[in-house]
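In what follows, residues are counted from 1 in the order of the sequence shown. It should be emphasised that the depicted structure is a prediction, and the values quoted were computed from it without experimental measurement.
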Amino acid sequence: LLYVDDKAVHFQWRRVEYDVEGVVNLLQGLEMPELPSQPHEGKDIFYEHAADRPPRNHYAYLTPNEFEEIGRRLPEVTDRLVQVLLHGG
């Protein structure tokens, strides 16, 4: 649960029942999207106030090489997550 007010961000972890097998199936079918041809528009709350970050409308804040590296590592990451979901680690 997440609550944000003008002074702080409050959160609380909760366990909920969900379709683990369904999530596993979704993760196993996950594919990396192509690098967008146009800059993203919109408000990015994580980067808006960071002076050392690229300006808004940058290509998802990733270089093409970083984007490709994520695509190469995606199967490894999803396989690990599947193992955690199915076996607890």
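Glu76 pairs by the side chain to side chain contact (heavy atoms under 4.5 Å, CB included) definition with Arg73, not counting sequence neighbours. Remark: Tyr3 engages His10 in a ring-ring contact (aromatic ring centres under 6.0 Å, His included) (not counting sequence neighbours). Partners of Arg14 under the side chain to side chain contact (heavy atoms under 4.5 Å, CB included) rule, at least two apart in sequence or in another chain, are Leu1, Gln12.
Summarising the geometry, atom CD1 belonging to Ile70 is positioned 11.5 Å from atom CG belonging to Asn65; distances are rounded to the nearest 0.5 Å. To the nearest 0.5 angstrom, Arg80 atom CZ is 12.0 Å from Thr78 atom OG1.
In this structure, Trp13 shares a hydrophobic cluster with Leu2, Val4, Val9, Phe11, the cluster being traced through Ile, Leu, Val, Met, Phe, Trp and Tyr side chains under 4.5 angstrom apart.
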May I have the list of side-chain donor-acceptor pairs in residues 21-31 shorter than 3.5 Å, sequence neighbours left out?
unit_1	atom_1	unit_2	atom_2	d
Asn25	ND2	Glu21	O	3.3

